[in-house]
Asks: 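I am attaching a structure below and will ask some questions about it afterwards.
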Amino acid sequence: MSAGKKFRDALKANQPLQIVGTINAYSAMMAKQIGHQAIYLSGGGVANASYGLPDLGMTSLNDVIADVQRITSACDLPLMVDIDTGWGGAFNIAKTIRDMEKAGAAAVHLEDQVAQKRCGHRPNKEIVSTEEMVDRIKAAVDARTDKDFFIMARTDSFAQEGLEAAIERAKAYVAAGADGIFAEAVQTEEHYRAFSEALDVPILANMTEFGKTELWNKQELADWGVGMVLYPLSAFRAMNKAAELVYRTLLNDGDQKAVVDTMQTRMDLYDYLGYHDYEQKLDALFAEGKNK
Ligand SMILES: C[C@](O)(C(=O)O)[C@H](CC(=O)O)C(=O)O
Ligand SMILES: [Mg+2]
């Protein structure tokens, strides 16, 4: 079954589908074993975690593909990937889609900001014309080889143009072939309801922390017609906070005793990796060798 098909099946089976950010392969394995059904690679996350850069459109297609490949090699959950503005014109966007499919991604979101993009929850974003974004979407849709590969259009227009204009854009994006709409940085029940009532494709709500949107429960969002709920950097933010405490404690105390309780144990680390199966195989091979 293709990754895209898995994603569409998960979307059908879950109302709404929770999509959790997994910053690396190990996080993806954890999310799966905990019971999640769809995972996400954040553009901001790749920039911050893998390259030490801000989320300002500075990472390239290949930078993101490298992390996609690591995750899809380790975990078979359907992966949605943030492809920012697609990294160029129509030919570049087509290549982005082909490379994402080959790397095992199930879904992408492509946004209507200018190439000098920002995080969707920051002020002073600039967006391209509806026509330009429609061209981006058409290039993406034409390039896919798996008809189930899910291409979502993200609109950042609410902040600058308001609700009605954002919905008009979303309608144009769906007409151009978008399979879903990521309504970025909208805020209230009224906003989500307006999007879901105006469109007959699934709507994504971005529950990113410390942004412009309240942290709504998935049930509230489902009641308002939302089909997908994204937690792009939640686990990453928590990891960073935990690591910060460890680094500070090591420096201040000279040992880590005060924070060992906050750490994942060796056993838990290994369990998510299936480590013991590997070790048993190794033991069996060694034993065989000795018996010869
Ligand atoms: C979803 C997002 O595009 C991302 O890169 O993860 C970001 C998340 C964030 O910065 O909190 C966004 O622009 O919303
Ligand atoms: Mg992003």
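Keep in mind that this is a model prediction, so the values were computed, not measured. Numbering of ligands and ligand atoms starts at 1, following listing order.
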Asks: With the side chain counted from C-beta on, respond yes when Ile65 and Leu61 share a heavy-atom pair under 4.5 Å apart, and no when they do not.
Replies: yes

Asks: Would you say the side-chain atoms of Ser42 pair up with the backbone N or O of Gly44, donor to acceptor, closer than 3.5 Å?
Replies: yes

Asks: Just distance, no hydrogens or angles: give the donor-acceptor pairs under 3.5 Å from side chains in residues 155-168, sequence neighbours left out.
Replies:
residue	atom	partner	partner atom	Å
Thr155	OG1	Asp112	OD2	2.6
Thr155	OG1	Ser157	N	3.2
Thr155	OG1	Ser157	OG	2.6
Asp156	OD1	Arg154	NE	2.7
Asp156	OD2	Gln113	NE2	3.1
Asp156	OD2	Lys125	NZ	3.0
Asp156	OD2	Arg154	NH2	3.1
Gln160	NE2	Lys125	O	2.8
Glu161	OE1	Arg169	NE	2.9
Glu161	OE2	Arg169	NH2	3.4

Asks: Mind checking whether His109 and Phe182 have parallel, tilted or perpendicular rings, split at 30° and 60°?
Replies: perpendicular

Asks: What do the steps show when you test Asp99 against Thr96 for side-chain hydrogen bond (donor to acceptor under 3.5 Å, both in side chains), and what is the final call?
Replies: CA-CA 5 Å; Asp99 288 359; Thr96 296; over 6 Å; no

Asks: Report, as a single number, the protein N, O or S atoms less than 2.8 Å from the Mg ion (ligand 2).
Replies: 1

Asks: Between Trp224 (side chain only) and Ala194 (backbone N and O only), is there a donor and an acceptor less than 3.5 Å apart?
Replies: no

Asks: Sorted by first residue and then second, give each side chain to side chain donor-acceptor pair (under 3.5 Å) pair with at least one member in residues 277-286; sequence neighbours left out.
Replies: Tyr275-Glu279

Asks: At less than 4.0 angstrom from any atom of ligand 1, which residues have a non-hydrogen atom? List them by chain and residue number.
Replies: Tyr40, Ser42, Gly43, Gly44, Asp55, Asp82, Cys119, Gly120, His121, Arg154, Glu184, Asn206, Thr208, Pro232, Leu233, Arg237

Asks: Closer than 3.5 angstrom, by distance alone: can the side chain of Glu101 be matched with the main-chain N or O of Asp146 as a donor-acceptor pair?
Replies: yes

Asks: Hey, does the side chain of His191 reach the backbone of Gln187 with a donor-acceptor pair shorter than 3.5 angstrom?
Replies: yes

